[in-house]
Every structure is written in C-alpha cells, then in structure tokens.
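FYI, side chains are in, hydrogens and waters are out, and symmetry mates aren't considered; it's all heavy atoms of this structure. Owing to the predicted nature of the structure, the values given are computational and were not obtained by experimental measurement.
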Amino acid sequence: MFRIGIDLGGTKIESIVLDAHGKELFRKRVETQQERGYRHILTRIKELHDESAAQIGNQPHTFGIGAPGVVSPRTGLMKNSNTQCLIGQPLKTDLEKLMQRRLEIQNDANCFAMAEALYGAGKESNLVFGVIMGTGCGGGIVHKGEVIVGRQAIAGEWGHMSITPDGPTCYCGQRGCVETFISGGGAEARYAEKFGVKKPFRQIEKEFYLKEPKAVEFMNGFFAHFGRALANVIDILDPDVIVLGGGVSNFDALYTDGIAQVAKYIFNDSLETPIVKHKLGDSAGVIGAALIGIA
C-alpha cells in the first residue's frame, strides 16, 4: 500500500508519498501560516494531503502526521506543543472529521526515531533511541519497528528530565531540564547568562574549535550536561543505538568530547552504546510520519 506522511512544523508543512517499498514518489513543502490560526492549519493539511493523494490516483494509502506535540490519551487534545495554537485542540478528531478518514498523529521526535530506525542510522537495531537536539530537545523510542508511545504519550521525552534541580526555569514549569542546557536555544541562553553576550550556537561552536577560552569553558559544561543526560537514558533504556538529530547534532565534538562524558556517567565499566549521527537529515520527520500512518 502507498504511504502518505505530513510533517507539521511551526513554519512549514511538508508532505511525502512513498510506495510499498519505501521509494519516494512525491514531496512538497508549504508554509504553515500559523498566524492565521488553527482552522487554517487544518485546511492546509487537507489540501496538501489531497494533492499528494492525487499523485497516486487517489489509490488506497496509509496516512500519518508528525506534529509538534502529542495527542493526550486522556483528553484527546493536543499538549506539549511549541505551536501555541494547537494546544488544547482536538487535532486528530478535527482532521478525521474534515478528511473523512482515519489517520495517526505522533510527535515529531517519534517520527524522527521511526525513520532512522527503519531506514537510517538505526537500521537493523532492535531498540533505537532517537534524539532531536534543535530549538528544543525531543526523543523517541522504537522497538522492533514500532514506536513506544507510553501510557501518557510522553515516552522518550528526555528533554524534560531535570538534571539540575536548582537550574534554569523551563517553559514546562520545571527547573534544570535537559532542554534548558543542551538544546540550541538553551545553550545560547546559558552562554548569554554566563558571559553577558548573545551568540548563536554556531558561533560558540566555531570559537570552541579556535580554542577561545570562554567557548572552551562553556562547551566543557555543555558536554558534561550532555553526558549526564544521555547516561541517564542509557541506564534506564539500554538501547542498541542512539541516533542524534536536529541542528546541534551536527556539532562534531559531540561524538568525541560528548561521548566521553556519557562514558563517565554511565552505570557500567565501559560505554558499549553506539551514539551516532543521523543519516536522513531533514527528511527523517516526514518519512517517519509516513511510516507511522494507518489506513
């Protein structure tokens, strides 16, 4: 059966059509235009789906959506979303009613993990933990080709584990969350807090490689937080592989200095868990959305 996936982001909505063998047949990206509100986003998704379905002559297909946030199993409403107009909305119910069909919605980190587990850096591994380190920190767990969602739909949310109880306040209301330290936005905020100057993560990274003392000092703390956070995940989950994605995952020193810190904090005499870079790049989210779809 054909698969259609849509990756719903705060600034763009992307669609993909895959054949039964996973070959890409069609792809399109449009602006989300979230400033026009929730109902407009529903319409954008329907239009993009219908255009994608037309590419395969409207033949039977599965349909999945990767979204910023999750559908609460208790209320059926969206929660934990950084696209504010989605919070508290019955996104799945409204879309199924609008489109007159069943569909699946998973958070974007789960979609990333699914794509990398089946087609990317985690291929042929039974238990994959997929990490997104971008504007925020997300995570997803895939076991034998299936996403583990959890009773409350929060499985894999490592970005909101507190690693410093008296640390910075997170938007979630807690303090010292992983996201406040090692997401791109979190790292930039901590640097500005420490040195009184705002710099983009890429600039701090560049200065680290040039051995600029402030950048080196800051990144040493960054690696320590990365190590403690991922060691906690490994201690609980013990995955076959951890795949890193998102903009921060392109920081090469994570795979040397960062991994060394994971080895320091893990509850074992050696670190056996491969921690690797993504293979699918920006495509992972929309491919994963297609893979989690239902007919």
Side-chain angles (χ1 to χ4, degrees), residues 1-20 22-71 76-78 80-87 89-120 130 132 134 138 140 142 147 149 153 245-246 280-295:
M1 187 177 286
F2 294 101
R3 294 179 178 273
I4 293 179
I6 284 183
D7 183 19
L8 171 60
T11 59
K12 56 86 180 173
I13 306 173
E14 185 173 12
S15 176
I16 197 169
V17 181
L18 304 178
D19 69 12
K23 179 183 177 183
E24 179 181 327
L25 302 177
F26 175 76
R27 187 190 296 230
K28 185 172 181 178
R29 180 180 292 192
V30 299
E31 292 181 357
T32 305
Q33 299 175 341
Q34 66 166 300
E35 69 279 359
R36 295 179 63 178
Y38 172 68
R39 290 288 163 187
H40 182 69
I41 291 176
L42 297 182
T43 301
R44 298 287 273 176
I45 292 171
K46 182 181 187 304
E47 290 173 346
L48 195 51
H49 167 270
D50 291 351
E51 183 178 351
S52 300
Q55 303 299 313
I56 53 172
N58 294 305
Q59 294 183 68
H61 56 273
T62 64
F63 183 38
I65 297 174
V70 298
V71 177
L77 306 179
M78 288 293 291
N80 301 346
S81 177
N82 56 14
T83 301
Q84 296 294 313
C85 67
L86 297 180
I87 296 175
Q89 299 287 358
L91 180 63
K92 187 172 189 289
T93 301
D94 284 346
L95 281 171
E96 288 184 332
K97 187 180 300 182
L98 178 66
M99 302 176 71
Q100 292 295 295
R101 65 155 296 147
R102 296 172 69 233
L103 56 90
E104 180 63 85
I105 296 178
Q106 294 275 356
N107 77 37
D108 45 14
N110 286 352
C111 291
F112 165 81
M114 185 68 152
E116 289 290 344
L118 296 188
Y119 292 155
I132 293 181
V142 176
V147 173
V149 178
L280 300 177
D282 291 342
S283 297
V286 71
I287 291 172
L291 294 173
I292 58 96
I294 58 175

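Side-chain N or O atoms of Gln34 include none that pairs as donor or acceptor with a backbone N or O of Ile41 at under 3.5 Å.
Atom NZ of Lys46 is separated from atom CZ of Arg101 by 11.5 Å, given to the nearest 0.5 angstrom. To the nearest 0.5 Å, the span separating NZ on Lys97 from CG on Leu42 amounts to 11.0 Å. Between atom CZ of residue Arg3 and atom CD1 of residue Ile287 there is a gap of 12.5 Å, rounded to the nearest 0.5 Å. Atom OH of Tyr38 sits about 5.0 Å away from atom CG of Leu91, to the nearest 0.5 Å.
In the displayed structure, Asp282 atom CG is contacted under 6.0 Å by at most 12 heavy atoms of other residues, nucleotides or ligands. More than 12 heavy atoms of other residues, nucleotides or ligands sit less than 6.0 Å from atom CD of Gln33.
For the pair Met78 and Val70, the minimum side-chain heavy-atom distance is 4.5 Å or more. A 4.5 Å side-chain heavy-atom check between Leu103 and Lys92 finds at least one atom pair inside the cut-off. Looking at Gln55 and Leu25, their side chains never come closer than 4.5 Å, going by heavy atoms from C-beta outward. In this structure, the side chains of Glu24 and Leu18 come closer than 4.5 Å at one or more pairs of heavy atoms. Between Val147 and Val142, the closest side-chain pair of non-hydrogen atoms falls below 4.5 Å. At a threshold of 4.5 Å between non-hydrogen side-chain atoms, the residues Ile6 and Phe63 count as touching. Within the 4.5 Å cutoff, the side chain of Leu8 has heavy atoms near those of the Pro68 side chain. The shortest side-chain heavy-atom distance between Glu31 and Arg36 does not fall under the 4.5 Å cut-off.
Taking a cutoff of 4.0 Å between a charged side-chain nitrogen and a carboxylate oxygen, Asp7 and Lys12 qualify as a salt bridge.
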